[in-house]
Amino acid sequence: MKNIITFILFLLYATAIFFIPNNIFLLCPFVINMILWLITKSNMKKTITNLFKIAPFVLLTFLINCWLDTYINALWMAVKLLLVCNITFIYSQTTTTAQVAKTVKKLCTPLKVFKINPEIVEVLVAIALSILPIMRKEYIEVKEACKAKNIPINLKNSKIILSRMLTSYLKRVDEIDEALIEKGYNY
């Protein structure tokens with residue numbers, strides 16, 4: 001029950017940040033994030049490293065919003081996005097993939113009325129969350145292979161890179177499918 005409440009509060013909090021007016025009220029989520037960061041005893045180095053990793057995405061969002069709206073509103077949106085990414089990082093540090101999958105399964109239990117099996121949803125969520133680090137690792141391997149072969153990573157060579165990565169991902173999906181069948185999982 002604790003995991004369900006934590007998950008729902010996380011989703012509500014992350015969503016509410018985007019509805020806060022563009023003013024000093026954004027200081028409240030910042031303070032809440034800092035308090036949660038201290039309570040969970042998250043590693044400061046990991047937190048800062050994570051913020052630097054998401055900086056290009058936030059910058060891209062800022063630039064798109066500059067194009068679509070004013071610079072001030074784009075800046076506020078970037079701040080909100082940083083706050084949401086930070087709370088998501090804190091949540092991911094305190095919750096395992098299995099806990100998230102079980103929480104989603106419990107939340108999907110009412111869907112049995114519509115003949116949707118919550119156990120299948122649990123497996124899908126677990127696979128989706130578990131495959132993200134694998135995809136990142138595959139990307140790094142392809143990137144290093146391109147460097148070793150002196151192939152620049154640009155738009156011109158994206159077909160080669162993407163085809164290699166897609167082939168690798170499809171092999172992984174096939175392996176997961178075979179493992180589920182071997183374990184007698186009936187989906």
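If you read the sequence from its start, that first residue is 1, and numbering goes on from there.
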To the nearest 0.5 angstrom, please state how far the [atom1] atom of [X] sits from the [atom2] atom of [Y].
X	Y	atom1	atom2	value
Leu124	Glu119	CG	CD	12.0 Å
Met34	Ile90	CE	CD1	8.5 Å
Asn3	Thr94	CG	OG1	9.5 Å
Leu170	Met165	CG	CE	12.0 Å
Leu27	Leu83	CG	CG	9.5 Å
Gln93	Thr88	CD	OG1	11.5 Å

Contact check, side chains of [X] and [Y], non-hydrogen atoms, under 4.5 Å:
X	Y	value
Val125	Thr97	no
Thr167	Lys171	yes
Phe89	Ile54	no
Ile35	Ile39	yes
Asn86	Phe30	no

Stepwise side chain to side chain contact (heavy atoms under 4.5 Å, CB included) check, Tyr169 with Met135: CA-CA 7 Å; Tyr169 297 154; Met135 291 173 70; 3.6 Å; yes
Main-chain N/O of Thr61 paired with Asn65 side-chain donor or acceptor, under 3.5 Å: yes
Any donor-acceptor N/O pair, Gln99 side chain to Thr96 backbone, under 3.5 Å: yes
Would you tabulate the side-chain donor-acceptor contacts of residues 104-115 under 3.5 Å, counting partners in other chains and residues two or more places apart, or write 'none'?
| unit_1 | atom_1 | unit_2 | atom_2 | d |
| --- | --- | --- | --- | --- |
| Thr109 | OG1 | Lys105 | O | 3.2 |
| Thr109 | OG1 | Lys106 | O | 3.0 |

When you group the ILVMFWY residues by side-chain heavy-atom contacts below 4.5 Å and let the links chain together, are [Y] and [X] in the same group?
X	Y	value
Leu9	Ile4	no
Ile32	Trp76	yes
Leu81	Leu75	no
Tyr91	Met1	no
Ile5	Phe7	no

Transitive ILVMFWY cluster of Leu68, excluding itself - 4.5 Å side-chain cut-off: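 Cluster partners of Leu68: Leu60, Ile64, Trp67.
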Which residues share a side chain to side chain contact (heavy atoms under 4.5 Å, CB included) with Cys146, sequence neighbours left out: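 Side chain to side chain contact (heavy atoms under 4.5 Å, CB included) list for Cys146, sorted by chain: Val142, Ile151, Ile153, Ile161.
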Nearest atoms (heavy-atom pairs only) where Tyr71 meets Cys66: CD2-SG, 3.3 Å
Minimum-distance pair of heavy atoms, taken over all atoms of Leu129 and Val100: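 So the minimum-distance heavy-atom pair works out to CD1-CG1, 3.7 Å.
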Name the atoms and distances for all side-chain donor-acceptor pairs under 3.5 Å in residues 12-21, with sequence neighbours left out.
| unit_1 | atom_1 | unit_2 | atom_2 | d |
| --- | --- | --- | --- | --- |
| Tyr13 | OH | Pro29 | O | 2.9 |
| Tyr13 | OH | Asn33 | OD1 | 2.8 |
| Thr15 | OG1 | Leu11 | O | 2.7 |

More than 12 heavy atoms from other groups under 6.0 Å of CD on Glu175: yes
N/O donor to acceptor pairs below 3.5 angstrom from side-chain atoms of residues 45-53, sequence neighbours left out:
| unit_1 | atom_1 | unit_2 | atom_2 | d |
| --- | --- | --- | --- | --- |
| Thr47 | OG1 | Trp37 | NE1 | 3.0 |
| Thr47 | OG1 | Asn43 | O | 2.8 |
| Thr49 | OG1 | Lys45 | O | 2.7 |

Residue pairs passing the side-chain hydrogen bond (donor to acceptor under 3.5 Å, both in side chains) test where at least one lies in residues 130-144, sequence neighbours excluded: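 Those involving residues 130-144 are Glu138-Ser168, Glu138-Arg172.
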